[in-house]
Every structure is written in structure tokens, then in C-alpha cells.
Amino acid sequence: MKIAKADFLISAVKTEQFPEDTKPEIVFCGKSNVGKSSLINYLLGRKKLAKTSSTPGKTQTINFFNINDTFRFVDLPGYGYAKVSKKKKSEWPKFIENYFSSRENIICAFVLIDIRRKLSDDDKNMIRYIEYFGHMPQIILTKGDKLNQSDKVKARRTLSGELGIAERNILITSTLKKQGKYRVWDNLNSLFEENGLDVFVERING
Ligand code: GTP
Ligand code: MG
């Protein structure tokens, strides 16, 4: 299928606002400014569907996007946003916790990590958190355009060792250079199949 429709559904700040969990959801997690909203736009071929900003902390709500009335993308606020107080920084807002604990329909949780940065404690906690709720984290290294080919390979190898995840299962994207989206869709298509869903997104549409 082609991505014929990609609509903003709702910005939620409390559990009651979450749409019914009747459609499979793919959630994008990661530190503030890592490129979650940009990646959503790039994957869908829509420039401004998810709001992006060079200032960290742009996304403050859980934003749901309806794709082809078939599945959803879910854009989360980033963690580790430096401007908020220490207390707030370490606090995982309740509505986000509720999101992970209450949704049986999450089929994929992408954890985005800036390819230039070291794996942070927040990233490790995020990965554990996703696993705790029974989901399988999928790692994406963002901003691939910021490193040359050999440094990209090195960064991926280091992370692979740290996390005990095979290198081939760590994807690299660049929304700036428009690289890596087919691998992401290949991954999602496999997950749709594993979950018994009759969904296949054609490469031509990304
Ligand atoms: P929060 O909503 O604050 O959590 O941030 P986010 O993770 O949604 O990041 P966002 O998509 O808003 O992007 C943050 C900044 O990184 C923006 O200035 C983007 O243009 C930039 N950016 C995103 N992806 C890439 C990329 O692949 N390469 C480069 N060079 N910059 C990128
Ligand atoms: Mg965002």
C-alpha cells in the first residue's frame, strides 16, 4: 500500500485523551532534539505533519497520527530536556507511563539516539522501560549526515557492543540527506507481518 493518508489525530496530555487502542501503534522515543518528529515526517513524506524545532523540548504532548486508517505513528515528548528543573527532568510524566503500560496495540517502540552522542542513562532507562512493558525496542541512530562513513560504522559497532544488539538491527537515518527510510519501512513491514496484520508499505512511498 501507499501512504495515501497521514493525518494528525490528537495531542494527548492525559490518558482519557488517548484514541481507542484499536489500531496498531508505532511509537518514537528518545532524547529531546534527537529528531523524532523529523523522522516521522521523513518516513511519511510529509514536511510539516509533526512539528519540529531546533530548540529541544518542542514536543510536549503525546501526538497521534493516523496513517491510512490502518495504523498510527505516535510522537512522544523527548527526555533529558535541560531547561526543565532537575526534579521534572527525572520525572517521567504519568501520562507517558500510562501510555506504555496501557496500550496493548504498541507493535514497535523506536528508540532514537543521536549518532554522535554516547548512550546516556536516560536512553538505557528508556530501553529497559520498553522491555519491562513487554515491547521490543528498535534502535535508530539519527543525524547520520553528521559523521563520515567510517565513523558511522564505528558508532554503530560501539552501540551494538554496549546493548548486545546485532549491528544489522541498528538502523541509521538522516532526514537531512533523506537516507535510511527504506530500512525502517522494511523493519515495520516485517513487524506488521509478525503481528498478523495485512499491511505492507511499498518502498516507492517510503
Ligand atoms: P523534541 O520534540 O524536542 O523531543 O525533539 P525531536 O526529537 O522531535 O527533534 P526534532 O525532529 O524536532 O529535530 C530537532 C532538530 O534536529 C531540528 O533542528 C531538526 O532539523 C534536526 N534534525 C532532525 N533530524 C536530523 C538529521 O537527520 N540530520 C540533521 N543534521 N539534523 C536533523
Ligand atoms: Mg518532537
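As the structure lists them, so they are numbered: ligands from 1, and atoms in each ligand from 1. Quick note: residue numbers are just sequence positions, from 1. Model, not experiment: these values are computed from the prediction. The analysis underlying the following values was restricted to heavy atoms, covering all of them including side chains, and did not include hydrogens, waters or symmetry mates.
- Listed by first and then second residue, the salt bridge (charged side-chain N to carboxylate O under 4.0 Å, His left out) pairs involving residues 20-30 are Glu25-Arg72, Glu25-Arg103 (not counting sequence neighbours).
- Centroid-to-centroid, the aromatic rings of Phe18 and Phe95 stay 6.0 Å apart or farther.
- A donor-acceptor pair under 3.5 Å is formed between the side chain of Asn148 and the backbone N or O of Ser150.
- A distance-only check finds a donor-acceptor pair linking the side chain of Asp123 to the backbone of Ser120 [under 3.5 Å].
- The distance cut-off of 2.8 Å around the Mg ion (ligand 2) captures these protein N, O or S atoms, sorted by chain and number: Ser37 OG, Thr59 OG1.
- Ile106 and Ile10 end up in the same hydrophobic cluster when Ile, Leu, Val, Met, Phe, Trp and Tyr side chains are linked at under 4.5 Å.
- The pair Glu97-Lys94 meets the salt-bridge criterion, since a charged nitrogen lies less than 4.0 angstrom from a carboxylate oxygen.
- Atom CG of Leu188 and atom CD1 of Ile67 lie 10.5 Å apart (nearest 0.5 Å).
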Determine all donor-acceptor pairs shorter than 3.5 Å in which one atom belongs to a side chain in residues 155-164; sequence neighbours excluded.
residue	atom	partner	partner atom	Å
Arg156	NH1	Ile170	O	2.8
Thr158	OG1	Lys154	O	2.9
Ser160	OG	Ile165	O	2.8

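- Ion pairing of Asp114 with Lys31 is absent here, as no side-chain N (NZ or NE/NH1/NH2) approaches a carboxylate O to less than 4.0 Å.
- For ligand 1, the protein residues within 4.0 angstrom (heavy atoms only) are Lys31, Ser32, Asn33, Val34, Gly35, Lys36, Ser37, Ser38, Thr52, Ser53, Ser54, Pro56, Gly57, Lys58, Thr59, Gly78, Lys143, Asp145, Lys146, Ser174, Thr175, Leu176.
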